[in-house]
Amino acid sequence: MSAVAPGRGAPTVAVPSFGSTLEGTGRLIRFILRRDRARIFWWTFSIVFFYAYFMVALDALGAEALVGRALLMESPSGIVMGGPGYGLDAYTPERAVANEGITWFVLALGVMSVLHMVRHTRSEEESGRSELVRANPVGRHAPAVASVVTLVLVNAVIAVLSAMTLIGIGGEYVTFADSFAITSGVACASMVFGLVGLVFAQLTVSGRGAVGLGMVVLGLGFVVRAVGDVAETGGSTLSWFSPFAWAQQMRPFVDLIWWPILLSAGSIAILLLVASVLGSRRDFGGGLLPDRIGPATATASLRGPIALAWRQQRFALLVVTAFFAAMWLGVGTMLPTIGEMVGSLIESNPQFGAVFGDPGDPSGFLGLVMLEGVLFVGAYAIVMGARPKAEENAGRAEIALARPVSRTRWFGAHILVTGIGVVIAVAVPILAVWVGAVAVGFDRQSFGDYALVAATYVPSALCYLGFTVALYGWFPRATGLGWLLLVYGFVIGLFGSLIQDLPEAANYINPIYWVPGVFETPDLGEWLGVAVVALGLCVLGMIGFRRRDIPAV
Amino acid sequence: MTNTSSGVPAIEIAGLDKSFGAVKALDGLDLTVPTGEVAGFLGPNGAGKSTTIRVLLGLLRSDAGTARMFGRDVWRDAVELHKHITYVPGDVSLWPNLTGGECIDYLTRLRGAADKKALRVRKAELLERFELDPRKKARTYSKGNRQKVALVAAFLSDAELYILDEPTAGLDPLMESVFTDYVREAKADGRSVLLSSHILSEVEKVCDTVTIIRNGTAVEHGTLDELRHLTRSNVTAVVGKDPAALAGLRAVNDLQVKAHDGGTRVTFDADNAGIADVLDAVTALGVHSITVTPPSLEELFMRHYGDVIEADEAAADDVAGDGAPSGRAARKAARQAAKKAGVR
């Protein structure tokens, strides 16, 4: 590929060698690894840590608690939050890792993979950095291939280290093959989503668009697997349409089969092909859709910062809301079936009564589904709450604030529009459950009951916005730490019960903790308290924003 | 605000300090722009021009000193002041999903109520003069076109003060001349302009005064003629007598002597401040022919920036050696030394 090295001391006119479209891939790989070394380290460390923690914590539970946990995992909510239910009849820590953990590891690594692929392809092009790189002897496909190679490397390293960790911690039953089956299945499934991200990176012009679409596919994968598995223990045909299932259906530690991983591998190959065909056809920096001509004058409604913030956020809000509304409409229609399932579960094992309450009442299940939805809305609030930062970094805040627009008005517009978006994203899907339930004649709860449920979730969801806003106002470079609150609530919710002697106060800073059970009467004082905290955080952020330099250094 | 023109300067900055962590971006900056004046604002990259402008816009908070526009505090009265100014950054970033026309309308509407019909007419005129297609999405614009969007929005506003931070970066020469036309028009209307620029021909064309800053301090201020006076002209003459006497003159630099038909050709740079002495000396030598070339602006600034660097170094040496520093740079060095001592 490279030019013939001229002999020492014999100056020869270099004959141009025309490299392939992959020229420079090796150098880009090294560059990506160098740029992302901290990021790669933390992802690897976190995932391996959670494997280890999961094993240790589940082992500490003891055999009896594991039986109880297995029963929980048979319930619809257990299936949605956990897995298809292999090995529940003789639950062990390693089987629990396989059954419940795979879902979350695929989800986490799927996020990592989508972000990785888009960051090193479309986002680089969008920023113009790729132009500098590609002006050198670097082939057309080199950035994409280097991104894929590094993605494979990172996933492989995580898979190997995680498997070794499982083997190291587990007892004699934790075999080499099963451990590697879990971690390699997870790695392949996560790479499927990464390559979906790469395909979208060829289609959209903005990196954010590609990430957004990639996340929608990831969410769909999660939902399809959950719905498919709820329909039938061990997964129904529907489950098999989700890459999540391809990892889970290998049934590690129960009845190990290897061929489902081929579905992931095959999908990766097909997506690679699609991405390369699309990538070969498009121009540098261009998408596949030509840029359309737009209006020469703004509509009368584009009058101020609120109107602009709404314009910037409305598409994302529509996607998030429509996605959850459609999903939860489906949940609503399933309520009678789920109620029956819970009923029969309680019949077969009275222990369940404590968890799910009344037979035929799906509230317990609904609570878990809604909790998950609210966590997603929290993520939406954090992403949108950080939008002013992007505006500031790009210099767009500056040109708006150089006009007679006060900082309060500019920042307040973003907070207000995001806040309203959060309310919509919480309320519309919850009301969609009611619509679905009524449509199938399940009318145990009225519209008012559902509206009240939505109201109980709103202040907690707004806390995520408030926290990000406060961080941005005072410490703009630390805005990303807004995710900590969500991760914290997630970890506490998922593993809190596994930690012995967790002080009650540890729950107080988790906004979700203050949400009452579904259809339970809310405590008005607590509700107001959380609302005041959310509002207070926003005001705090505003105070900081009004005082500091823009752009912050 | 039209009544403010009676004596209150459009911009008045005194002793302005601004640090970013350990880096001192502005160090006792002074700058005054009287109303109705077009002021050039020059200095090498990183000298503090954009920082000054961001302080004026109320975006950055100064550490010390005062910054006022039309007599009002730039931080406290930012919103009120922004009704009377307009701003063009050097690197315009627009909302990628809006078209250029939408960006212009949005920015215009942020200024509040205006005569809509007049605006429409003027917008059409500006779009035509700047040859900008307002229907394209902002993300598809080149740098020059993004710059045009900001310029159209700026000249569309009825501002008393234009703050322009390298506004023509990325524009072609034709567009640059359209820009200077509009600046001249603004000046004719009695508006004030602060123009930060590296394009010296542009500065020469439109600016009444020039301020040069380096390391956050104004090192020179005056009209272009005054600044020229501070630098050197190139003199070439053919003289009849031995030119050795010239070498002894302080104002003569880089003297070159060469035999020429029936005389001697001398070439040197003369300090404009001492040009009278030099001419006397040359005349005494019996002049056959003489050419005096004033410095081009470019030479002026190259030399000026260079001089300051040399002088800074020299002054620093002087201070260190307890010598007797003289001049501007030395004053600055002395002030810095005093500050350091004060800290301790």
Side-chain angles (χ1 to χ4, degrees), chain A residues 126 128 204-209 285-287 289-309 311-316 387 390-410 413 545-553, chain B residues 18 20-21 23 25 51 53-62 78-112 120 123-124 127 133-140 143 149-150 153-154 157 163:
Chain A
E126 194 185 2
T204 66
V205 184
S206 77
R208 229 186 21 233
L289 298 169
D291 274 303
R292 280 171 306 171
I293 292 292
T297 47
T299 56
S301 59
L302 187 65
R303 291 214 68 83
I306 292 180
L308 185 62
R311 225 181 127 141
Q312 288 177 311
Q313 297 186 20
R314 63 186 179 191
F315 183 70
R387 279 222 60 147
E391 292 286 293
E392 179 180 339
N393 289 350
R396 292 189 290 264
E398 194 173 318
I399 50 177
L401 290 170
R403 303 256 151 180
V405 175
S406 71
R407 293 184 179 201
T408 313
R409 184 175 163 209
W410 184 83
F545 183 73
R546 283 176 55 88
R547 294 165 48 91
R548 70 175 172 82
D549 286 347
I550 295 172
V553 268
Chain B
K18 175 69 190 175
F20 298 110
V23 182
T51 303
I53 285 173
R54 283 178 175 153
V55 170
L56 285 175
L57 292 170
L59 293 169
L60 300 182
R61 207 173 208 185
S62 58
V79 177
E80 190 51 41
L81 277 170
H82 293 182
K83 289 178 186 162
H84 304 281
I85 65 154
T86 191
Y87 164 61
V88 177
D91 192 359
V92 179
S93 172
L94 299 168
W95 297 274
N97 296 329
L98 300 192
T99 63
E102 286 177 312
C103 290
I104 293 168
D105 287 354
Y106 174 67
L107 287 171
T108 305
R109 287 172 192 173
L110 287 181
R111 294 184 65 85
R120 208 163 40 236
K123 182 183 165 193
L127 288 174
D133 183 349
R135 296 170 305 160
K136 285 190 176 165
K137 296 275 185 195
R139 85 164 84 78
T140 66
K143 170 160 173 50
V149 169
S157 65
I163 297 180

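Naming convention: chains lettered A, B, ... in sequence-line order (proteins, then strands); numbering from 1 in each chain. Atoms considered below: every heavy atom in the structure, side chains included; atoms not considered: hydrogens, waters and symmetry mates. Everything numeric here is computed off the predicted structure, so don't read it as measured data.
Both the backbone and the side chain of B:Arg61 come within contact range of chain A, with heavy atoms under 4.5 Å apart. Looking at A:Arg546, only its backbone comes within 4.5 Å of chain B, counting heavy atoms on both sides. Using a 4.5 Å cut-off between heavy atoms, A:Ala300 touches chain B through its backbone atoms (N, CA, C, O) alone. Using a 4.5 Å cut-off between heavy atoms, B:Ala153 touches chain A through backbone and side chain atoms alike. A:Ser206 does not touch chain B: none of its heavy atoms, backbone or side chain, sits under 4.5 Å away. When heavy atoms are compared at a cutoff of 4.5 Å, A:Ala307 does not approach chain B at all.
Closest approach of B:Leu57 and A:Ala402 over heavy atoms only: CD2-CB, 4.0 Å. Taking each heavy atom of A:Ala296 and B:Arg135 in turn, the nearest pair found is CB-CG, 3.7 Å. For A:Thr297 against B:Lys123, the heavy-atom pair with the smallest separation is CG2-NZ, 3.3 Å. When all heavy atoms of A:Ile550 and B:Arg54 are compared, the pair lying nearest together is O-CD, 4.4 Å. Of all heavy-atom pairs between A:Ala298 and B:Arg109, the closest is O-NH2, 3.2 Å. Considering every non-hydrogen atom in both A:Arg396 and B:Ser93, the closest pair reads CG-O, 3.3 Å.
By the 4.5 Å heavy-atom criterion applied to side chains, A:Arg403 and B:Tyr87 are not counted as neighbours. Residues B:Leu98 and A:Leu302 meet the side-chain proximity criterion, which asks for heavy atoms closer than 4.5 Å. Between B:Glu80 and A:Pro404 the shortest side-chain heavy-atom distance does not fall below 4.5 Å.
In this structure, the salt bridge (Lys or Arg N to Asp or Glu O under 4.0 Å) partners of A:Arg311, at least two apart in sequence or on a different chain, are B:Glu102. Every side-chain contact (heavy atoms from CB on, under 4.5 Å) that B:Arg120 has, sequence neighbours left out, goes to B:Lys117.
With respect to chain A, the highest number of heavy-atom pairs below 4.5 Å among B:Thr99, B:Val88, B:Ile85, B:Leu107 belongs to B:Leu107. Contact count against chain B (heavy-atom pairs under 4.5 Å) is highest for A:Gly304 among A:Gly304, A:Ser406, A:Gly395. Interface check for chain A: of the options B:Pro96, B:Pro134, B:Gly100, B:Ala78, the most heavy-atom pairs under 4.5 Å are formed by B:Pro134. Annotation: maximal heavy-atom pairing with chain B below 4.5 Å, among A:Arg409, A:Arg548, A:Gln312, A:Arg407, occurs at A:Arg407.
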Yes or no on side-chain contact (heavy atoms from CB on, under 4.5 Å) for A:Ile399 and B:Tyr106, after CA distance, side-chain angles and deciding distance?
CA-CA 11 Å; A:Ile399 50 177; B:Tyr106 174 67; over 6 Å; no
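Look at A:Glu126 and B:Arg139 and you find no salt bridge, because none of the NZ, NE, NH1 or NH2 atoms lies under 4.0 Å from a carboxylate O. Comment: A:Asp549 engages B:Lys18 in a salt bridge, judged by a side-chain N to carboxylate O separation of less than 4.0 angstrom.
In this structure a side-chain-to-backbone donor-acceptor pair under 3.5 Å is present from B:His82 to A:Leu401.
Atom CG of residue B:Asp133 and atom CD1 of residue A:Ile293 lie 5.5 Å apart, to the nearest 0.5 angstrom.
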